[in-house]
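Data block below; observations after.
Letters A, B, ... are given to chains in the order of the sequence lines, protein chains preceding strands, and every chain is numbered from 1. Reckoned from all heavy atoms, side chains included, excluding hydrogens, waters and symmetry mates. Nothing here was measured: the structure is a model prediction, and the numbers come from that model.
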Amino acid sequence: MLKRIWAIFTRDVKVSMRTFISLYILVVPLILAFAINLFTPGINDTTINLALLEADNPEQIAYFKSFAKVELFKDVESVQKRVEARDNIVGILPEGDKHYIMIQGNEPEGVIDYAKLINSLNELDIQVEDTNAEIIEFGKTVPPLKRTLVNGVLLLISILGGMLIAFNIVEEKADRTIRSINVTPTTRNTFILGKSLLGLVLPIFGTIATVFICGFGDVNLLQILLIVSAASLLSLLVGFIQGLSSDDIISAVSIIKLLFLPLFASVLAIELLSAKWQKFFYWSPFYWAYKGNNAVLSQTSTWQQILSYTGIVIVLCGIVYLIAAPRIRKGLE
Amino acid sequence: MITVQNLYHSYNKDDRYAVKNVSFEVQKGEIFGFLGPSGAGKSTTQGILTGLLQLQQGEVSVAGYDVKRSSPEMFNKIGMSFEQSNVYSKLTAKENLQFYRKLFDVETREPKELLKLVGLEGKGDIQAGEFSKGMKHRLTFARSMLNNPELWFLDEPTTGLDPAIAAEIKDIIKRDNKKGVTVFLTTHNMFIAEELCDRVAFIIDGEIKLIDSPRNLKLQYGEKLVEVEYIENGKSVREKFSTVLDKDKKRLQDIIGNYEIQTMHTKEATLEEIFIKVTGRGLV
Ligand SMILES: Nc1ncnc2c1ncn2[C@@H]1O[C@H](COP(=O)(O)OP(=O)(O)O)[C@@H](O)[C@H]1O
Ligand SMILES: [Mg+2]
């Protein structure tokens, strides 16, 4: 059985590489990942920039340097000019034996908080050696936009897997080859598993690539793969149904595109709507997958949380499967 | 090798049967033909025997397996060539065969050797999508031999092929049958049936009208005729005489004795003429 599943899977990969639109789908995750990197700042860029006075206590300057990028200026006026420049830089200026913080007003909250934190640490005379991981983590907080984009791409990739399945089934139908497979010892379940594999392998490959390209290499990969695989089940089902009920690639794509609707709705609900609206999106597997991915990407996830989200996604997909299974079986006859 | 008893099949699951009360047996080592016009129910019957269509009513055993209980291993023993060719257009001829090879549990034949056998030598690296209809048909035919089947189903094996290739295909069928392969073939071509089949079943409107060997059928139904061309009053006349009827026999003697004979042929009734006699309909 494994031998046949592998044969069917590798055949699908081979044919996908030869079909322009499928090949395109195979590389889309990589393109998106690079695009995200281009248009959102990297993780390390969020390290705080501080503007200090040259005349400040060298000990103080060294202290700040151990936590942030430091630029030195002659006088308060130059610091002010620098702070008013476009990027996010915070001035820390001495006043008596304390320091005060100079901001422009448009800096992200995290940046200001961080500057305040360093300042208070300095005043409390806490050394780098005393700091705990929390502070460093804080400095590495990923801009939420990037996390959102990466998360969205991961879910998008799960849908692309379903598209590939649909294409490969449309191909089998156009060539009438399902009949010829049915006169070999290949059982229907083996065929379905073989055909599904690409819909799972593409998301897994795409997720790993995206996560690393976008600089999330240190997140819990196992957790994120678990969630993405579960979310792929839905697209996989839709891919099968669509492949079997369409006669050409175009109509197959058009229905699968409908999956983007619950995907976007779920993302927007989580990002924009208040708590009381959330329950209206509990039916969407993408809702739970997005939530789970967010937790993993911000490294706040626990196994219990991830397993329960994955469980919910699988149950929701199971319900879709129960509804769709008779149609799939019939279509393969 | 095949036993079919009281087989019925309706595509709409109503009482409009595409196959009606069909019963027959195929012995090991014979070539058994289903002869009938298009739409007679030949492919439907074959579909049920090969498990492509679900058995609705009747008893069917194929290569020792009860078709009611689907057993994947059965397909290691049988081969099936389809009426409409069905191969992966995006794969080359060789890749097509290599892929199907992996789906069997038994020893399989070399794709290269099979391609040569069906006249596709040197075409192995071309994508099947670029093949002509006849080439695709030959590839489909070659694929049905991959697993060295002991029971071989052929649905219209030579239909649509040019005569030279059809002759080659017929030779392959004969050769494999000599090696002991049992063949079940469907055709609406009486020449194929006559040339290849040890026994034929006449099927029309889903019903078998008769089963016998082509030779027996001719002995039974085909009265021998003599066609004579002779000169009468300076004109050439053509006439057919039965070699059985007394009246015809006398008249024939008379002509041979009194006229100049130009040509004289004995004519055998063709399988098609017998088919028309038995079923009241032609083969197209
Ligand atoms: N998939 C199908 N759905 C409904 N009717 C069909 C189907 N296939 C064949 N038939 C009908 O069943 C009858 C027998 O067809 P078939 O077995 O293909 O004939 P043959 O192979 O002898 O030409 C025909 O009347 C045909 O129209
Ligand atoms: Mg037919």
Side-chain angles (χ1 to χ4, degrees), chain A residues 1-26 164-195 197-198 243 247-249 326 329-333, chain B residues 11 43 46-54 62-63 65 70-92 94-106 108 127-129 131 136 139-144 146-147 149 151-155:
Chain A
M1 177 164 160
L2 287 178
K3 180 188 77 169
R4 294 189 186 97
I5 291 177
W6 183 249
I8 292 167
F9 167 69
T10 48
R11 194 214 70 88
D12 279 359
V13 171
K14 196 184 270 177
V15 169
S16 296
M17 303 280 226
R18 286 181 192 170
T19 314
F20 175 74
I21 182 159
S22 303
L23 185 63
Y24 183 70
I25 284 176
L26 284 173
L164 281 190
I165 291 181
F167 292 169
N168 282 312
I169 291 194
V170 167
E171 180 214 356
E172 297 267 0
K173 277 177 55 187
D175 287 339
R176 294 187 295 265
T177 36
I178 296 177
R179 289 159 62 79
S180 55
I181 293 200
N182 283 344
V183 292
T184 69
T186 312
T187 61
R188 195 148 301 161
N189 286 335
T190 303
F191 181 72
I192 292 176
L193 284 176
K195 281 281 160 192
L197 211 48
L198 189 53
D247 291 323
D248 59 82
I249 286 187
R329 292 188 160 272
K330 188 144 198 330
L332 289 176
E333 265 173 21
Chain B
Y11 282 98
S43 299
Q46 207 170 48
I48 297 165
L49 299 190
T50 52
L52 289 170
L53 291 171
Q54 202 172 3
V62 170
Y65 293 89
S70 77
S71 18
E73 321 91 66
M74 176 180 94
F75 294 103
N76 285 320
K77 293 190 177 178
I78 70 173
M80 166 85 195
S81 182
F82 293 84
E83 182 175 4
Q84 286 180 307
S85 53
N86 50 2
V87 291
Y88 291 107
S89 333
K90 282 263 160 61
L91 294 184
T92 66
K94 215 186 281 163
E95 285 169 341
N96 260 291
L97 297 181
Q98 262 150 4
F99 168 68
Y100 282 98
R101 240 185 139 175
K102 295 182 202 142
L103 302 182
F104 292 100
D105 304 310
V106 289
T108 48
Q127 287 191 11
F131 276 7
K136 278 186 197 162
L139 183 55
T140 306
F141 180 79
R143 187 184 59 203
S144 72
L146 264 177
N147 56 328
L151 174 56
W152 200 7
F153 290 95
L154 303 169
D155 199 352

What I'd like to find out is whether the side chain of A:K3 reaches to under 4.5 Å of the side chain of B:D105, using heavy atoms alone. yes
I want to check something: taking the side chain as every heavy atom from C-beta on, are A:R18 and B:L91 in contact at a cut-off of under 4.5 Å?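 Yes, their side chains come closer than 4.5 Å.
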How far does [atom1] of [X] sit from [atom2] of [Y], to the nearest 0.5 angstrom?
| X | Y | atom1 | atom2 | result |
| --- | --- | --- | --- | --- |
| B:F75 | A:N182 | CZ | CG | 7.5 Å |
| A:T177 | B:R143 | OG1 | CZ | 8.0 Å |
| B:N86 | A:E172 | CG | CD | 10.5 Å |
| B:Y88 | A:S180 | OH | OG | 6.0 Å |
| B:K90 | A:K14 | NZ | NZ | 14.0 Å |

For atom OH of A:Y24, is the number of surrounding heavy atoms from other residues, nucleotides or ligands below 6.0 Å larger than 12?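 No.
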Chain A: which of [options] shares the most heavy-atom pairs with it under 4.5 Å?
| options | answer |
| --- | --- |
| B:T50, B:L53, B:V87 | B:V87 |
| B:E73, B:M80, B:E95 | B:E95 |
| B:Q127, B:Q84, B:K136 | B:Q84 |

Residue A:T184 versus chain B: region with a heavy atom under 4.5 Å: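 Contact with chain B: backbone and side chain both.
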Measure distances from A:I181 to the heavy atoms of chain B and classify the residue's part below 4.5 Å as side chain, backbone, both or neither. both
Quick check on B:Q98 against chain A: is it the side chain, the backbone, both or neither that has a heavy atom closer than 4.5 Å? neither
Please classify the contact between B:F153 and chain A as side chain, backbone, both or neither, with a heavy-atom cut-off of under 4.5 Å.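 The answer is neither part of B:F153.
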Give the minimum heavy-atom separation between A:A7 and B:F99, together with the two atoms involved.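 Minimum heavy-atom separation between A:A7 and B:F99: O-CE1, 3.5 Å.
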Please name the residue in the list B:I78, B:L52, B:L103 that meets the side-chain contact (heavy atoms from CB on, under 4.5 Å) test with A:V183.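 Going through B:I78, B:L52, B:L103 one by one, the side-chain contact (heavy atoms from CB on, under 4.5 Å) with A:V183 is satisfied by B:L52 alone.
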Within 45° cone and under 6.0 Å: A:R176 NZ/CZ vs B:F82 ring: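 Pair A:R176/B:F82 does not count as cation-pi.
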